[in-house]
Amino acid sequence: MASLPTVLVGNTIKLDSEFKKFSPPLHFEKRKYSTKELEFREAVSLITQGNTTLESSSYVPILQECIDSNSLSGVETIHANIIKTGFGQELFLMTFLVNAYAKCGTMESARKVFDNLPQRNVVTWTSLMSGYVHNLRPELAISVFNEMLEAGGYPTNYTLGIILNACSALYDVNLGKQIHGYIVKYDIQYDTSVGNALCSLYSRCHCFDMTIKAFDRIEDKNLISWTTAISACGINGDSAMGLDMFVKMLAEGLEPNEITLTTVLSLCCTMQDLVMGSQVHSLCIKLGYGSDLHITTSIMYLYLKSGCITAAKKLFDKMNFTNLVTWNAMIAGHAEMTNFSENGLSAYFYGIEALRIYQRMNLSGLKPDLYTFSSLLTVCSSLVAMEQGEQIHAQTIKTGFLSDVVVGTALVNMYSKCGSIDRASKAFVEMYRRTLISWTSMITAFVQNGRPQQALDLFEDMRFVGVRPNTVTFVSVLSACSQVGTVDQAMAYYDMMKNVYNIEPVMDHYACLIDMFVRLGQIDEAFEFIKKTDLKPSEFIWSILVAGCRSQGKLELAFYAAEQLLELKPKDSETYFLLLNMYISAEKWKDVSRVRKMMRDEKIDNKLLDWSWISIKNKVYSFKSGDKKHKSDEVARLLEDLIEKARGIGYRVEKNLETVDEEKEETTASTAHHSEKLAVAFGLLNTSNAAEILVVKSTSMCRDSHNFMKIISTLTSRTITIRDSKRLHKFYDGQCSCGDFGHSLV
DNA sequence: ATAGGGTTAG
């Protein structure tokens with residue numbers, strides 16, 4: 001966090017009447033450059049020959065050319081020449097030189113030129129500030145601002161715009177508000193550059209209302225004002241409003257440029273609105289931006305986000321030019337699919353594809369940046385690929401991108417989802433800046449890893465440092481409460497959410513509370529709560545109730561809840577398998593046949609896509625039920641041996657689909673195995689004695705397998721982590737981190 | 001002399 005510049009605390013900005021009227025700054029006249037016709041190369045050759053017939057203003061377009069081609073050596077050559085020819089006293093020229101050095105990335109030289117200036121005016125000061133903002137040293141821009149004020153200089157609207165940008169770069173909305181205070185006091189909110197900077201600051205700091213207010217106050221709204229406001233709508237999650245503004249902008253007669261269009265396409269993208277997207281695309285083509293790289297990348301990303309992976313790939317392969325952003329979008333698009341795939345198996349393939357694209361990107365010679373790393377970490381967390389995740393962690397350290405708050409948060413999330421809570425919290429502690437999402441991620445990490453009390457403690461820390469929780473934070477908090485199992489505490493947080501933070505409860509919050517009642521065995525209270533809140537339970541809530549009723553032996557209610565679930569998800573194979581298993585456990589064979597017939601009628605696959613995979617030394621081994629791959633004899637023998645030993649200490653194979661022969665409808669010997677049992681056995685055989693086992697499973701774990709893993713963790717003295725489609729299970733010493741309510745259903 | 005966009009995290 002940037003410390004507050006002391007000068008700003010008192011009323012020390014002296015704004016004179018000149019400033020209020022926006023007259024041009026003192027000592028600065030706009031020159032008409034006589035060298036418009038002078039060719040750049042000609043000029044350079046004149047300079048290098050030492051033939052100095054140039055007048056001082058002729059240097060400006062040459063310097064501009066150096067800036068455009070980012071040629072530091074060019075700037076240095078011209079600098080030397082200016083000194084030689086005695087133009088070093090020309091303030092306007094030296095100001096431009098400060099700017100040129102700053103734009104070419106050497107603030108040391110810029111500062112040196114500035115320090116040697118014969119005199120200073122607001123333009124020279126402002127150029128230096130702008131240079132620091134441009135070179136990612138906003139805090140230095142602010143101290144230069146203070147220096148200027150102390151020296152008696154007055155800011156202009158441009159100066160204030162730059163300082164607001166510095167605040168924005170520091171995410172220091174409080175300092176920005178102080179500056180805003182002066183802007184209000186001197187009534188210059190309607191100025192375009194000040195207004196645009198305010199919009200941009202508030203947008204970046206997620207103060208949406210302030211953004212729109214600042215926008216409304218701008219007298220002459222230019223394309224930048226509109227683009228900033230439209231983009232702010234997107235950041236705020238109100239893409240529809242952004243599209244409305246875009247239409248309004250068009251109605252006002254402004255023509256969008258490629259940047260506005262890219263922003264608008266990104267709105268279509270978050271709305272997954274292919275129809276609107278293709279309309280905007282047509283407009284892009286009409287305005288001549290059809291082959292613009294940003295536009296094409298946005299269209300590609302729109303396809304990706306709308307699930308049209310093949311179309312996106314086609315476009316990608318057809319593109320003549322790609323840059324890092326194109327590749328990042330491709331990787332991010334696949335990374336996102338790993339989150340939204342219903343089916344764990346397809347998530348796995350998307351994840352692998354994302355890593356492949358990354359390899360291809362490396363081969364093409366592009367260097368990854370913070371966006372690449374964030375997406376890759378997401379992929380690793382979805383794949384539960386901790387080894388790859390660690391490699392990417394190492395790369396973020398080497399490249400310096402670890403200091404980015406999003407990368408840091410993604411790292412916390414990756415370690416958490418891979419079951420390594422210690423590394424997750426280390427990553428969190430080492431972050432130098434944390435956003436609400438970082439805090440929420442860490443709170444969620446504790447919840448995911450079965451440490452509810454630490455989650456609640458961290459939540460209080462977060463409140464203590466003044467970070468305001470949101471809906472998502474409270475889902476994790478209530479989820480932690482349900483694990484702790486204190487009804488009063490949960491209700492207190494529920495009330496806090498509603499009354500202190502004015503957050504309306506959503507289905508996930510209700511689900512947490514119902515989950516808590518169910519865990520406490522208070523099935524009646526759960527149903528009562530549903531009635532009291534006039535709640536129409538979601539699928540998820542019904543599935544919690546099914547599991548709860550079953551474990552409480554309330555079979556009638558369980559069947560009722562399961563039927564409700566089926567009504568909400570009539571095409572979902574897992575629900576049918578749930579019902580089947582329930583009837584099999586109850587040995588109601590008639591109902592078993594009835595459900596099987598329903599499945600045939602609905603054309604539901606007779607086999608659940610149950611896969612598990614384990615990554616050992618960068619190789620991934622996948623298993624499906626009853627699989628015979630990967631040293632099957634050894635794996636089978638070990639598994640039989642473990643089952644035998646487990647039986648010795650009370651394990652009984654539960655009757656379910658895996659263990660019941662379909663034809664005879666009776667329990668057979670456990671020759672068929674769940675995929676995760678195979679993967680764990682394989683892991684036990686192929687890792688050293690103390691190593692943790694980490695397995696990913698495409699569906700959710702069943703109760704039988706869950707019981708089995710608990711016992712195996714004791715028998716082998718190993719920590720076994722299984723990430724299923726619902727949550728994380730960490731088995732250690734006969735216990736599971738989910739508190740035995742995480743396994744669900746089937 | 002100043003200003004805007006796309007890809008990222010719960």
Out of [options], whichever nucleotide has its closest atom nearest the side chain of [X]:
X: A:S231; options: B:dG6, B:dA9, B:dT2; value: B:dG6
X: A:N222; options: B:dA3, B:dT7, B:dG6; value: B:dA3
X: A:S193; options: B:dT2, B:dG4, B:dG10; value: B:dT2
X: A:A332; options: B:dG5, B:dA1, B:dT7; value: B:dT7
X: A:N328; options: B:dT7, B:dA1, B:dG6; value: B:dT7
X: A:A410; options: B:dA1, B:dG5, B:dA9; value: B:dA9
X: A:T227; options: B:dA1, B:dG10, B:dG5; value: B:dG5
X: A:K417; options: B:dA1, B:dG5, B:dG10; value: B:dG10
X: A:I259; options: B:dG4, B:dG10, B:dA9; value: B:dG4
X: A:T378; options: B:dA9, B:dG4, B:dA1; value: B:dA9

Pick base, sugar-phosphate or nothing for [X], based on heavy-atom distances below 4.0 Å to the nucleic acid.
X: A:N323; value: base
X: A:A329; value: nothing
X: A:T263; value: sugar-phosphate
X: A:N196; value: base
X: A:T435; value: base
X: A:S266; value: sugar-phosphate
X: A:S441; value: sugar-phosphate
X: A:T228; value: sugar-phosphate

Please report the distance, rounded to the nearest Å, between [atom1] in [X] and [atom2] in [N].
X: A:M249; N: B:dG4; atom1: CE; atom2: C1'; value: 12 Å
X: A:I230; N: B:dG4; atom1: CD1; atom2: P; value: 15 Å
X: A:F246; N: B:dG4; atom1: CZ; atom2: P; value: 20 Å
X: A:Y154; N: B:dT2; atom1: OH; atom2: P; value: 24 Å
X: A:Q64; N: B:dA1; atom1: CD; atom2: C1'; value: 11 Å
X: A:Y101; N: B:dA1; atom1: OH; atom2: P; value: 17 Å
X: A:D292; N: B:dG5; atom1: CG; atom2: C1'; value: 10 Å
X: A:Q448; N: B:dG10; atom1: CD; atom2: C1'; value: 9 Å

Check: A:T435 side chain, A:S438 main-chain N or O, donor-acceptor pair, under 3.5 Å: yes

Test side chain to side chain donor-acceptor pair (under 3.5 Å) applied to A:E460 - qualifying residues, sequence neighbours left out: A:R463, A:Y493

A:F145 and A:W125 aromatic centres sub-6.0 Å: no

Pair A:F246 + A:W226: ring centers closer than 6.0 Å: no

Geometric cation-pi criterion, A:R433 with A:Y171: 6.0 Å, 45°: yes

Pairing residues for A:V465 by the side chain to side chain contact (heavy atoms under 4.5 Å, CB included) criterion, not counting sequence neighbours: A:W439, A:V467

B:dG10 phosphate, OP1 or OP2, under 4.0 Å from A:N413 side-chain N/O: yes

Short side-chain N/O contact from A:K221 to OP1 or OP2 of B:dA3, under 4.0 Å: no

More than 12 heavy atoms from other groups under 6.0 Å of CZ on A:F401: yes

Mutual orientation of the aromatic rings belonging to A:F459 and A:F474 [parallel < 30°, tilted 30-60°, perpendicular > 60°]: perpendicular

Heavy-atom side-chain proximity of A:L458 to A:F446 below 4.5 angstrom: yes

Within residues 469-480 of chain A: residues closer than 4.0 Å to DNA chain B (heavy atoms): A:N470, A:V472, A:T473

